[in-house]
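Heads up, the thing below is written out as structure tokens.
Protein chains get the first letters and strands the later ones, always in sequence-line order, with residue 1 at the start of each. The structure presented is a predicted model; accordingly, all values stated were derived computationally and were not measured.
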Number of protein chains: 2
Amino acid sequence: MSLKHAILVLLDKKPGSGYDLAQRFGGGIGNFWHATHQQVYQELKKLSSDQLVEFEVHTQAERPDKKVYRITSAGRTVLKTWLKQPIKLARINSTLLVKIYAAHLADPVELDKELGQHIVDHQQKLAEYAELERLYFSADAATRRKQRMPYLTLRSGIRYEWTWIEWMKEVKQLLANDALPEKPMMELLAKAAKAKH
Amino acid sequence: MSLKHAILVLLDKKPGSGYDLAQRFGGGIGNFWHATHQQVYQELKKLSSDQLVEFEVHTQAERPDKKVYRITSAGRTVLKTWLKQPIKLARINSTLLVKIYAAHLADPVELDKELGQHIVDHQQKLAEYAELERLYFSADAATRRKQRMPYLTLRSGIRYEWTWIEWMKEVKQLLANDALPEKPMMELLAKAAKAKH
DNA sequence: ATAGCCATGTAACCAGTTACATGATTGA
DNA sequence: TCAATCATGTAACTGGTTACATGGCTAT
């Protein structure tokens, strides 16, 4: 489990309310770790009873009161211990790949449409990332240095979306032409890598 | 949920016992849909009570008896209906990215070691995929045509591992040199794409 | 001997999703 | 007036992981 740790990471960067954290999981870190507000509130309760976080109630006029959480030193210890532990290879569960695997049962027209929609969705995501990258590069050197870790995760996202889009386009075209790939993927990638030098 | 559908897909290709399916989830389809034997047995029980699959007990000498499951026509209908339904954008939960995001709290030496290990793990996976691809290309044209959908999923796996490895190598090097990326990722990818023509 | 394969399962727990619930303020 | 934002939660359910349990056969 890592929701626990993801929350500790966020609170270490900056204290905040459950609502706050839920917002942050909806963008930025949300691109590689998803959580809903229900999960966040539950987890905060647990973390709080384990004294890894603590909170203060902020009474607000005009807005509902809120509990502002911050990480405790015990929490920071847990976080650092977690960072030291090697993680297991992530396992992928991709519905789209299961569908492609079973595509002989599907209606080709529908499948083509679905791939098309998927390509659009991922292109949109990529455009979002591209804009964030543009912003990053327009910041001054000090800010860029401070933000380098989040930026590196963004680079991962860009590569990921790009690759995924390339693959989907390839599949869409092959299915449309009822064709097979001509060359092994490994060969194509090796050639592209060489071309860089 | 898709374990249900993944099982139906597998049984549609070929009937088999729970043990059998669990093996198949450990390789091939397991590369993009993971399931343990406990999950498989539970799910088969549900599918069976919903009459989407049926089984026959095969008594074996020298081996434990087994239940050989096959998909029913109701199951095939459910499967086809599912194939028609558009799927939502997959959400990613990547522990490694959370760690990188929080890397300012980590010991650089440990982080470097962990990245190194991860690179090795993924290179191993990639080598596995490369071997499978070699096998695919050494088959005759008819076999290649029949296996094209599984092969397309393999291509996705190859691209995925390759990209992931490239990113990790980049991060490892940047951290080792305490450097920042010089050029936007979008620019680098666009240039590489152009070079193909 | 010992490990690994074949074969099936239960049970407890942990994590994640969906639905329900409330209620004030602000802006279109 | 209607939707969105701020703010917090409960409850039911579904899905996934880990541990436990059994037991014979085969190959080293």
Side-chain angles (χ1 to χ4, degrees), chain A residues 1-8 15-27 29-30 32-50 52-53 55-69 82 87-95 98, chain B residues 1-8 15-27 29-30 32-50 52-53 55-69 82 87-95 98:
Chain A
M1 205 272 288
S2 279
L3 172 56
K4 178 175 163 178
H5 305 108
I7 288 179
L8 289 174
S17 65
Y19 185 84
D20 238 15
L21 291 174
Q23 298 298 106
R24 289 160 82 184
F25 276 112
I29 198 176
F32 49 86
W33 197 275
H34 175 265
T36 61
H37 85 268
Q38 293 91 338
Q39 268 178 286
V40 170
Y41 285 119
Q42 288 305 127
E43 197 63 42
L44 280 172
K45 201 191 274 182
K46 275 188 232 165
L47 287 169
S48 177
S49 82
D50 293 348
L52 303 181
V53 303
F55 66 89
E56 235 177 41
V57 176
H58 283 215
T59 316
Q60 302 181 108
E62 322 269 295
R63 294 240 160 280
D65 296 355
K66 60 179 174 180
K67 297 180 188 169
V68 176
Y69 290 86
W82 173 73
I87 55 189
K88 294 174 221 161
L89 261 197
R91 40 185 60 149
I92 307 158
N93 278 28
S94 165
T95 309
V98 174
Chain B
M1 202 271 288
S2 278
L3 172 56
K4 179 175 163 180
H5 305 108
I7 288 179
L8 290 176
S17 66
Y19 185 85
D20 238 14
L21 291 174
Q23 298 299 105
R24 290 161 81 184
F25 276 112
I29 197 176
F32 50 87
W33 197 274
H34 174 266
T36 61
H37 85 268
Q38 292 91 336
Q39 269 178 286
V40 170
Y41 285 120
Q42 289 304 128
E43 197 64 42
L44 280 172
K45 202 191 274 183
K46 274 188 233 164
L47 286 170
S48 177
S49 82
D50 293 348
L52 304 181
V53 303
F55 67 89
E56 235 175 44
V57 177
H58 283 213
T59 316
Q60 302 180 108
E62 322 267 296
R63 293 240 162 279
D65 295 354
K66 62 178 174 182
K67 297 181 188 167
V68 176
Y69 290 85
W82 172 73
I87 55 189
K88 294 174 220 161
L89 260 198
R91 41 185 59 149
I92 307 159
N93 278 28
S94 165
T95 310
V98 174

### Query
For B:P15 and B:V68, which heavy atoms make the closest approach, and how far apart are they?
CB-CG1, 4.2 Å

### Query
Can you tell me how far P of D:dG16 sits from CH2 of B:W33, to the nearest Å?
6 Å

### Message
Check the phosphate of D:dG9 against A:K67, side-chain N and O only, distance under 4.0 Å to OP1 or OP2. Yes or no?
### Response
yes

### Nearest atoms (heavy-atom pairs only) where A:Y41 meets A:G18
CE2-CA, 3.7 Å

### Message
Pick the closest DNA chain D nucleotide for B:S2 and for A:K88 by heavy atoms, then say which residue is nearer the 5' end.
### Response
B:S2

### Message
By the 4.0 Å heavy-atom rule, please label B:D20 as base, sugar-phosphate, or nothing.
### Response
nothing

### Message
Please evaluate residues B:D65 and B:K67 with respect to the criterion side-chain contact (heavy atoms from CB on, under 4.5 Å), reporting the C-alpha separation (whole Å), side-chain torsions for both, the decisive distance (0.1 Å), and the verdict.
### Response
CA-CA 7 Å; B:D65 295 354; B:K67 297 181 188 167; over 6 Å; no

### Query
Under 4.0 Å: is that the gap between some side-chain N or O of A:K4 and OP1 or OP2 of C:dA15?
no

### Query
Would you say a side-chain N or O of B:Q38 is under 4.0 Å from OP1 or OP2 of D:dT18?
no

### Query
Just wondering, do B:W82 and A:V98 contact through their side chains at under 4.5 Å, heavy atoms?
yes

### Query
Going through the checks in order, is the side-chain contact (heavy atoms from CB on, under 4.5 Å) test met by A:V40 and A:E43?
CA-CA 5 Å; A:V40 170; A:E43 197 63 42; 5.9 Å; no

### For atom NE2 of B:H5 and atom C1' of D:dT14, their distance in whole Å
14 Å

### Query
Once you round it to whole Å, what is the distance between C1' of C:dT17 and CG of A:L3?
13 Å

#### Entry: B:F25 CZ to D:dT17 C1', straight-line distance once rounded to whole Å
16 Å

### Contact check, side chains of A:K4 and A:L52, non-hydrogen atoms, under 4.5 Å
yes

## Note on the structure
From CG of A:N93 across to C1' of D:dG16 the rounded distance in Å is 10 Å

### Query
Which parts of nucleotides 21-28 of chain D does protein reach within less than 4.0 Å, heavy atoms only, written one letter per nucleotide 5' to 3' as B for base, S for sugar-phosphate only and - for none?
--B-SS--

### Nucleotide D:dA7, atom P - distance to NE2 of A:H58 in whole Å
11 Å

### Query
Is the distance from OP1 or OP2 of C:dC6 to the nearest side-chain N or O of B:Y19 less than 4.0 Å?
yes

### Query
Nearest-Å distance, CZ (A:R91) to P (D:dG16)?
11 Å

### B:E43 CD to D:dG16 C1', straight-line distance once rounded to whole Å
11 Å

### Summary
Taking five pairs at each terminus, the helix from C:dA1-D:dT28 to C:dA28-D:dT1 shows an axis bend, to 10°, of 40°

#### Entry: Check: A:S17 side chain, A:D20 main-chain N or O, donor-acceptor pair, under 3.5 Å
yes

## Note on the structure
Closest non-hydrogen atoms of B:L3 and B:A35, given as atom of the first, atom of the second and distance, are CD1-CB, 3.7 Å

### Query
Closer than 4.0 Å, any side-chain N/O of B:S17 to the OP1 or OP2 of C:dC6?
no

### Task
Output yes when at least one side-chain N/O atom of B:Y41 is less than 4.0 Å from OP1 or OP2 of C:dG9, else no.
no

### Summary
Tightest non-hydrogen contact, residues A:H34 and A:T36, listed as CE1-CG2, 3.8 Å

### Query
If you look at every heavy atom in B:S94 and A:W33, which pair is closest and at what distance?
N-CE3, 3.6 Å

### Message
I want to confirm an ordering. Mapping A:Q39 and B:Q60 to their closest nucleotides on DNA chain C, which one lands closer to the 5' end?
### Response
B:Q60

### Task
Please state whether the phosphate of C:dC14, meaning OP1 or OP2, lies under 4.0 angstrom from any side-chain nitrogen or oxygen of A:Q42.
no

### Query
Reckon A:K45 has a side-chain N or O less than 4.0 Å from the OP1 or OP2 of D:dT10?
yes

